Amino acid sequence: MKRFFNMKPSLFYVSFIFIITSSIASAAEDAVKDATGKKVLNNVPYHIGPVTTAKGGGFKLTDTMNNKKICPFDVVQDPSASNLGDKFTFTLINEKRPPYLLTTHNLGIDSGSLKGPCEKSTFWTIPDAEAKAPDNLITTGGRFEEDITCFQLVEYPKPTNPKVHSYMLQHCPYYCGGAPNICFNVSIYVDKGVRRLASRGTHPFEFVFHKVSK
Ligand SMILES: *[C@@H]1O[C@H](CO)[C@@H](O)[C@H](O)[C@H]1NC(C)=O
């Protein structure tokens, strides 16, 4: 204690600021919760959907755009409010494999099995996050632990329903060894009425996790 008070004032403030910032950092890292408030399991399939179904249901892969076949596939919102969409597996990039998902940690998002002969891989990727749509759309096609498949979950800043845990997704290639040194907020890009996920768009992508019923 004596040593602490004998510190030079500048050193005192540096330690003080350090303590404050490290407690903010640990507060930002939190277990992710599903729509019912239960912790979301790491590396387990879930449905992801909107907070309100006013604009449609859950998210799924699609192999069409403007009535043309596309490959790799895009991620879109199902227009039907009652559809839960596909199952997606969020996996933290961490050799210790904690049991639950954490916010502000690098992760990969897997769509499961290959859905067609042209699909090379099932991980969500943004090949060029700085490009304009459609080149900055989320597609399948990357591998786990690559810069282009590197995402983080962030608690949604101003949740639509404060009683429900909602999240946004950030694409952070830099944290997995890529560039540039920023995180892109995944947003909804509305194209001819179809709501697709992209590195930027017309609406922020606010979503909740739904446990898959057996
Ligand atoms: C991402 O969203 C957050 C929260 O709304 C905002 O503060 C931040 O400026 C956004 N970042 C970018 C790069 O748009």
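For ligands, and for the atoms within them, numbers begin at 1 and follow the listed sequence. Given the structure is predicted, the values throughout are model-derived calculations rather than measurements.
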Note to self: Can you confirm whether some protein heavy atom lies under 4.0 Å from atom 14 (O) of ligand 1, or whether none does?
What the structure shows: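 It does; a protein heavy atom is within 4.0 Å.
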
Item checked: Nearest protein heavy atom under 4.0 Å from atom 7 (O) of ligand 1, yes or no ->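 No, no protein heavy atom sits under 4.0 Å from atom 7 (O) of ligand 1.
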
Notebook entry, point to check: Short list, please: which atoms of ligand 1 are under 4.0 Å from a heavy atom of N185?
Noted result: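 In order of number, 1 (C), 2 (O), 3 (C), 8 (C), 10 (C), 11 (N), 12 (C), 14 (O).
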
Margin query: Can you name the atoms of ligand 1, numbered from 1 with element, that are less than 4.0 Å from a heavy atom of C183?
Written below: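 By the 4.0 Å cutoff, the relevant atoms are 13 (C).
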
Checklist line | Which residue and heavy atom of the protein sit nearest atom 4 (C) of ligand 1, plus the separation | finding: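 Of the protein heavy atoms, P157 CG, 3.5 Å lies nearest.
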
Next item on the list: Go through the steps for E155 and T103 under the test side-chain hydrogen bond (donor to acceptor under 3.5 Å, both in side chains), then give the verdict.
Entry: CA-CA 7 Å; E155 200 117 11; T103 57; 5.2 Å; no

Margin query: Is the distance between the ring centroids of Y156 and Y167 under 6.0 Å?
Written below: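 So the answer is no for these two rings.
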
Margin query: Measuring centre to centre across the rings, with the benzene-like ring taken for any Trp, is F90 within less than 6.0 Å of F88?
Written below: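 Aromatic pair excluded; centres sit 6.0 Å or further apart.
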
Notebook entry, point to check: Is it true that the SG atoms of C172 and C150 are less than 2.5 Å apart?
Noted result: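 The sulfur gammas are not closer than 2.5 Å, so no.
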
Margin query: Using a 6.0 Å cut-off, check whether atom NZ of K115 has over 12 heavy atoms from anything other than its own residue.
Written below: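 Check passes, neighbour count above 12.
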
Item checked: side-chain hydrogen bond (donor to acceptor under 3.5 Å, both in side chains) between E146 and T125, worked out -> CA-CA 9 Å; E146 254 192 310; T125 177; 6.0 Å; no

Checklist line | contact_flag M168 ligand 1 heavy-atom lt 4.0 Å | finding: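 Yes.
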
Next item on the list: Examine the proximity of ligand 1 to P204 and report which part, side chain or backbone, both or neither, has a heavy atom under 4.0 Å away.
Entry: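 Contact part for P204 vs ligand 1: neither.
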
